[in-house]
Amino acid sequence: MKLSRSLSVLLLALQGVVAILAPPPVTRQSNGRAFAKGDLHLVNCEPRNSEAGPLSIEWLSLVIYCENNTDCSDPNHVPAERDMCVKKASNVSGDYQRWENSEWQTCRFAERGPFSWVLVRLARLFPPTTEVGLGEDEDKRDYKAFNDDESPGAGPATHSCSKLFYLSPEPETAPA
């Protein structure tokens, strides 16, 4: 009986030590810079031509944030500079970022911070809206990645862009 009581006291003491040493629960607090709502789009852009010649000599691979997702489907929409992140720029025709390499990739937005994603190999072979990967912003919000239809989309005024993939935030769940 005395041994049993001693063990009980010891267990209670250990529980108290564990409670003191345990880290506090993690809460999500936005730094105010990240991606509040909306989707991120992975696009490839080729230079537009004018009567005077090409408006740019760079082929671009961009990550574009659109708070209003219909804006990213509008080829005439030019996102604010803070909503575009250049993943790759090249002077070689058609030299774009290799988006689907099954490794984590990151693009750092000047004002919003980093956004990271991973796509399965050969993701573009899947039909549009097929889930092909995942992503995460600086606030550790989770995103699902989907194949897009390669239709024209938003980008710099000097370029014509095609939407390849989009990442949508997972719905927030209430704490239990």
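Distance alone, capped at 3.5 Å, places no donor-acceptor pair between the E136 side chain and the Y143 backbone. With D149 contributing its side chain and S151 its backbone, the two residues share a donor-acceptor pair below 3.5 Å.
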Handout entry: Stepwise side chain to side chain contact (heavy atoms under 4.5 Å, CB included) check, F109 with M84
Key = CA-CA 7 Å; F109 287 76; M84 291 190 287; 5.6 Å; no

Problem - From CA spacing to verdict: side chain to side chain contact (heavy atoms under 4.5 Å, CB included), W104, L134 - result: CA-CA 9 Å; W104 281 94; L134 51 100; 3.2 Å; yes

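Contact check for R112 versus R82: side-chain heavy atoms found under the 4.5 Å cut-off. Considering only heavy atoms from C-beta on, Q97 comes within 4.5 Å of Q105 through its side chain. The shortest distance between side-chain heavy atoms of L167 and K144 does not fall below 4.5 Å. By the 4.5 Å heavy-atom criterion applied to side chains, K88 and D95 are counted as neighbours. With a 4.5 Å cut-off on side-chain heavy atoms, C72 and I64 count as touching. Between L164 and Y96 the shortest side-chain heavy-atom distance does not fall below 4.5 Å.
For CD of E170, the number of neighbouring non-hydrogen atoms (other residues, nucleotides, ligands) closer than 6.0 Å is greater than 12.
A donor and an acceptor atom, one from each side chain of D39 and S168, are located under 3.5 Å apart. With no hydrogens or angles considered, a side-chain donor-acceptor pair links S61 and N44 at under 3.5 Å. A donor-acceptor pair shorter than 3.5 Å cannot be found between the side chains of T158 and R48.
Closest approach of D71 to A154, counting heavy atoms only: O-CB, 3.6 Å. For the pair L62 and P156, the tightest heavy-atom approach, listed with the atom from each and the gap, is CD1-CD, 3.6 Å. Closest of all the heavy-atom pairs between Y166 and D148 is CD2-OD2, 3.6 Å. Contact between C107 and V63 at its shortest, heavy atoms only, is CB-CG2, 3.9 Å. Here the closest heavy-atom approach between residue T130 and residue P127 is recorded as OG1-O, 2.7 Å. The two atoms that bring W59 and N91 nearest to each other are CZ3-O, 3.7 Å, heavy atoms only.
The CG atom of L40 lies 9.0 Å from the CG atom of D83; values are rounded to the nearest 0.5 Å. Atom-to-atom distance recorded for C85:SG and L42:CG is 10.5 Å, nearest 0.5 angstrom. Expressed to the nearest 0.5 Å, how far CZ of R98 lies from OG of S102 amounts to 8.0 Å.
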Name the atoms and distances for all side-chain donor-acceptor pairs under 3.5 Å in residues 113-121, with sequence neighbours left out.
{"from": "S116", "atom 1": "OG", "to": "T106", "atom 2": "OG1", "distance (Å)": "2.7"}

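With F165 as the partner, the side chain to side chain contact (heavy atoms under 4.5 Å, CB included) test is satisfied by one option alone out of H41, E100, E150: E100.
The hydrophobic cluster containing I57 does not contain V86, counting ILVMFWY residues as joined when their side-chain heavy atoms lie under 4.5 angstrom apart, directly or transitively.
In terms of the salt bridge (charged side-chain N to carboxylate O under 4.0 Å, His left out) criterion, E46 has no residue partners (sequence neighbours excluded).
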